[in-house]
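What follows is one structure encoded as C-alpha cells, with my remarks underneath.
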Amino acid sequence: MPVQSPVAISHLSTGAKFPTIRSITTSLSRRQDPSAAANEGSDHEIERVVREAKQRFRDTLPKDYLNQEEYALYIRLYGPPLRETAPEDVGIPSHADMGPAPPRSDNEGVLLRPLEGGQFEEVTYEIDRSTDAADPDTVQAHDALGEPSVQDLIEKPPGYVEAVARNQREHDALQKLVQDFEAAQRKQKESERETAPPVAHELDEVDTADWPAEEGYDFGERESGEARRFHRYTLDGRFHGSPVEIALPRDEFVEPIRELLDRTHLKHVKQAAEAAFGGRGLPTSPATPEGLKNGRMGGVGLPPDQRHMSEIEADAFLAGYLPPAYASVASILREVRKRVGSCWIQSRLTQGKEGGLSVLDAGAGGAGLVAWEQILTAEWQLLKEKGQVTGAHPPGKKTVIAASDRLRNRIKSFLPNTTFLPRLPDYEHSGEMQGERLDAGDKPQPRKSFDVIIASHLFLKEKQDHYRQAILNNLWSLLNKDGGILIVIEKAHPRGFEAVAHVRDTLIKQFLLPQSGEPSLAPEEFNPAFHRELEPGHIVAPCTTHGVCPMYKEQGKSKGRKDYCHFSQRFVRPTFYSKMLGNTADNQGEVEFSYVVVRRGVPKSSPLTGKEATERAMQGYEASEDQPDMQTLPRMVLPPLKRKGHVTLDLCTPEGKIERWTVPKSFSKLAYHDARKSRWGDLWALGAKTRVPRNVRVGSGADDGGKRAADGKKPRTVEISMDSGRMSASEKNAPRDRRPKSKEAKKQDLMKELFAAEEREEAMIEKQMDEEVEAEMEEGGRKGDGR
C-alpha cells in the first residue's frame, strides 16, 4: 500500500471528519526507504537481510529468497533450512481474511497518516458521498498525482502482508505465499463441491430424522497438522517442544551478554573459560561434551556462589555457563508448566499487584530467571487477550544468588527489578525455628518463602551426605508450603545422577507423606535426630513413581554405573558460546542433565497405584473416553529403538521398574506411527503389545560395567602386575577369558548383548503373532463346523 501524502489527505477534507486519531506502528516506510537500496550488496546489509529472513521464516526459507552471497552467509550462521516455507509457517491461515475489520457503518472509513520514524496515525472519518469524493475532476486529480482515490482506499484496506512486511522482498515473498494459500483453498473447495452429495433445495424434501448426529466434531477452527497426525495424548506427553531446539531470547539474554563481552577480546575470555571449566570443550560447565564425560564427574568449575571472581572470570562465567544453564532450566520449566497446569500461574497473576509468584535462582546465575520470565510472559499475554489483566509486565518477585560483586554488576544489566543475595538465607535457626535451635535468636526474623526454587548444581559439589542434607533442609524451609515447587538440577553423568537420586530418596522418605498411606521408612531406619513432620506433596517430573528409583536401589556411589536417569535438550548456540567451544561453524548445541521436580503441600491427584497405573498404560488410552492423568504414564528414559515393523521403548513405569515395551505395526497403526516419532523423555499413553523387564546396569564396588551386579553375582577381582607396561607371565599363561579386555572388546561384547536381546524380543513377538493367527483360524473352523 503506497504511503499517503498530505495532498491526498487534503483532498478528503471537504467531505470527511476526523473524530478519532490513534498512533500505530507499521513497517511500510522501511519497505520504501531508499537508503536500504543504496546499501544493497554491503556486508552489513547482507547480514541484516539474512537475520531478518531467519526471524521471519524461522527454520524454513522461500524459494529463491536469498541470492548466492546471502544464502552462503545463512548456511554459515544457521545451517541449511529444513524445507521451503509454507503458508502455515508465517501464520497466513490464521489471517485468511487478509484485511482489518469492516467499517462500523457505511459512511465510516479508516486512513493511515504517515508520521516520522515509520509510524502512522489511524484516522477514522465520516464519508459524505454527496461531495466531490466521487466527482470525476477529483478522481482525475488523484490519478494525476499517482495516488489512490477515496473509493480505492475504502474498498482496498491494508491487509496482513502490508502490516507485517518489513521490506519489499518480504512483501513479495509473503504475497506469493498468500496466493499459494488462496489457490489451495479454492482447489479444496472445488474438490469438496465435486464429491459432495446432491443437496435438497426444499426443506420439505429433507428428512431431518435421517441426519447423522454430529458427535464431538468442531466445525470451527481447523486442527493443526500435528494434531491431525498424532494422538492428542502423544502431544500432551511430549517432553520437547516444537521445534525441538530452544532459541535463547535475543533481546533479553543474548544481546546484553554479547555487549558485555565486547569490552574484552574474546580470545582472553576463551582462555579464562577453559581455565575455569576444565580445558578445551568446557567439560566442567553445565554442558559436558560427549567425549569428555569419563573421568570428569565432578561439579561445575565456576559456580555463581563463588565469592571471589576476577573481571575475566566473570566474563567467562557469562560466556561459558549461562547459555547451557538457560537451555536446561527452560526445558524443565516447560515440562513443569505442562504437568502442573497453567491455572497455577494464572490464578496468581490475576490477584493484582499483590499477586504474582516469587522465584529464587540458586545456582543458574540468572539464567533460570530469564527462562522463568519467558513462561510468565506467555501466561500474562494469554490473560491480556482475555481481558483479565492489564499492564505491560506481570507481577512477581525475582531473586538470584550471585556472591561476587563483579558477577552481580554484570547480571543486573539484563535482570531488572531483581534482588541479589550472596548466599542462601538460613531459616533453620531463625523465623519459625526460633527457640528450637541452640543458636536461635530471641526474636523471630521476618520469614520469606518462594513459590519456585531453581537449585542448579548445588549438591554434587558437596562430598558428604550430611552437607547435602543441610542444603536440602535449607531449601525446603525457603519453599512455600502451599504448592511451592523445588527444581534440583545436576550434570548428566553417574555422580550427578546419584546426587539428584539422593535428594529424591531423602524427600520421599523424610519430607513427604507416602502416596499409598504406608510409611516409607522402616522402624530400624528411624532416627529421631532427623525426624520431621511429614507433609503432603508429590514428584512432578520426571518420575511417575513414588517408590524407590529403579536405577538407585542402593544409596551411595557406584563404580561402573552405565544406566542412569538423565535427559537432553538441544539449543541454538550464540556466536560467543560457539567461540568458547572452538567451533564457530556449528550453532547446534546440546546440554544433558539429571533433574527432579517436587511440589510441596499438594498431594498427587490420581488415586491409581503404581501397578494399576502401569497395567492401564499397557492397555493404552488410544480409544479411551477418560483422559489419563499424565503423571501416571511411563516415561522414556532412552531414545526409542526403531526396527522394521516394530518400535522398542525403554520406559520407567509407575510401578518403579525399567521395562521394554514393544509396539509392532500390527498393534495399532496410530500407536506405531507415534512410537516411531517419539523422543527421549516423552510420556507414553498408547500402550504396547509386549513388555519385558530390562536389566539395569547399576554398577558395583568393582568397575565391571555393572553386568555381574545386575545378574546377582559377586564382582570378580583380578590382580594384575605390570612390568614396564608389558603383561606379566602369570597373565600370559592365564586362560583367555581371564585376561583383561580392551575397550574395543568390551564395546563389541555390549553390542552383541544388545543384538541378542533384540533377536529374543523379535522372536517373542513373532511367536505371539503366530499364536494369535492360529487361534483365529481355530475359532473360524469351529464356527464353520457349527454351521
Test side chain to side chain contact (heavy atoms under 4.5 Å, CB included) on F239 and R334; report intermediate values, then the result.
CA-CA 8 Å; F239 177 71; R334 186 171 54 187; over 6 Å; no
Given I489 and I332, is the side chain to side chain contact (heavy atoms under 4.5 Å, CB included) satisfied, shown in steps?
CA-CA 9 Å; I489 311 172; I332 295 171; 3.6 Å; yes
Kindly determine whether E335 and F567 satisfy side chain to side chain contact (heavy atoms under 4.5 Å, CB included), including the steps that lead there.
CA-CA 12 Å; E335 180 71 7; F567 301 91; over 6 Å; no
Dump the intermediate steps for side chain to side chain donor-acceptor pair (under 3.5 Å) on Q510 and W476, then the final yes or no.
CA-CA 12 Å; Q510 300 182 17; W476 194 256; over 6 Å; no
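Side-chain atoms of K338 come within 3.5 Å of backbone N or O of R238 as a donor-acceptor pair. A donor-acceptor pair is defined here as one N or O able to donate and one able to accept, closer than 3.5 Å; such a pair exists between the side chain of R616 and the backbone of G620. In terms of modelled atom types and a separation under 3.5 Å, the side chain of K642 and the main chain of A675 share no donor-acceptor contact. Under the 3.5 Å distance criterion, the side-chain polar atoms of T284 are matched with a main-chain donor or acceptor of G278. Not a single donor-acceptor pair under 3.5 Å links the side chain of T662 to the backbone N or O of K689. Under the 3.5 Å distance criterion, the side-chain polar atoms of N473 are matched with a main-chain donor or acceptor of Q469. Panel note: side chain S328, backbone A325; a donor-acceptor pair is recorded below 3.5 Å. Formation of a donor-acceptor pair under 3.5 Å by the Q631 side chain with backbone atoms of T545 is not found in this model. Of the possible donor and acceptor atoms, one in the side chain of R600 sits under 3.5 Å from a partner among the backbone N and O of L479. The closest donor-acceptor contact from the side chain of S358 to the backbone of D451 lies under 3.5 Å.
Atom CG of L460 sits about 12.5 Å away from atom NE2 of H502, to the nearest 0.5 Å. In this structure, R697 CZ and I658 CD1 are separated by 12.5 Å, a value rounded to the nearest 0.5 Å. Separating the NE2 atom in H493 from the CZ atom in R561 is a distance of 12.5 Å, to the nearest 0.5 Å. Between R423 atom CZ and L421 atom CG the span is 9.0 Å, to the nearest 0.5 Å. To the nearest 0.5 Å, atoms CZ (R504) and CG (L507) are separated by 9.5 Å. Rounding to the nearest 0.5 Å places CG of L638 at 12.0 Å from OG1 of T648.
Within the 4.5 Å cutoff, no side-chain heavy atoms of L686 are placed close to those of V663. Two residues are said to be in side-chain contact when any heavy atoms from C-beta on lie closer than 4.5 Å; E659 and L651 fail this criterion. Under the 4.5 Å side-chain criterion, counting only non-hydrogen atoms from C-beta, E622 is not in contact with Y233. Residues F511 and V598 are not in side-chain contact: their nearest non-hydrogen atoms beyond the backbone lie 4.5 Å or more apart. Annotation: side chain of F317 is in contact with side chain of P304 (closest heavy-atom distance under 4.5 Å). Counting heavy atoms from C-beta on, the side chains of T632 and K604 come closer than 4.5 Å. Side chains of F459 and L475 form a contact here, defined as non-hydrogen atoms less than 4.5 Å apart. Using a 4.5 Å cut-off on side-chain heavy atoms (C-beta onward), V340 and R599 make contact.
Residues S568 and H240 approach most closely at O-NE2, 2.9 Å, considering heavy atoms. Here the shortest heavy-atom pairing between Y564 and H566 reads O-ND1, 3.0 Å. The two atoms that bring Y621 and A617 nearest to each other are CE1-CA, 4.1 Å, heavy atoms only. Here the closest heavy-atom approach between residue H231 and residue D674 is recorded as N-OD2, 3.1 Å. Closest approach of P654 and L633 over heavy atoms only: CG-C, 4.2 Å. Closest approach of S558 and R495 over heavy atoms only: O-NH2, 2.7 Å.
E590 meets the salt bridge (charged side-chain N to carboxylate O under 4.0 Å, His left out) test with no other residue; sequence neighbours excluded. For E655, the salt bridge (charged side-chain N to carboxylate O under 4.0 Å, His left out) partners at least two apart in sequence or on another chain are K657, R691. D505 is linked by a salt bridge (charged side-chain N to carboxylate O under 4.0 Å, His left out) to K509, counting only residues two or more places apart in sequence or in another chain.
Here D563 pairs with R694 in a salt bridge; the nearest charged N to carboxylate O distance falls below 4.0 Å.
Among residue pairs with one or both ends in residues 457-479, those qualifying as salt bridge (charged side-chain N to carboxylate O under 4.0 Å, His left out) are D305-K461; sequence neighbours excluded. Screening residues 366-375 for salt bridge (charged side-chain N to carboxylate O under 4.0 Å, His left out), with sequence neighbours left out, gives E373-K398. Applying the side-chain hydrogen bond (donor to acceptor under 3.5 Å, both in side chains) definition to pairs two or more places apart or across chains, those involving residues 675-686 are Y672-R676.
The aromatic rings of F497 and Y552 stand perpendicular to each other, their planes meeting at an angle above 60°, with 30° marking the opposite boundary. Classified by interplanar angle (parallel below 30°, tilted 30° to 60°, perpendicular above 60°), the ring pair H457/Y321 is perpendicular.
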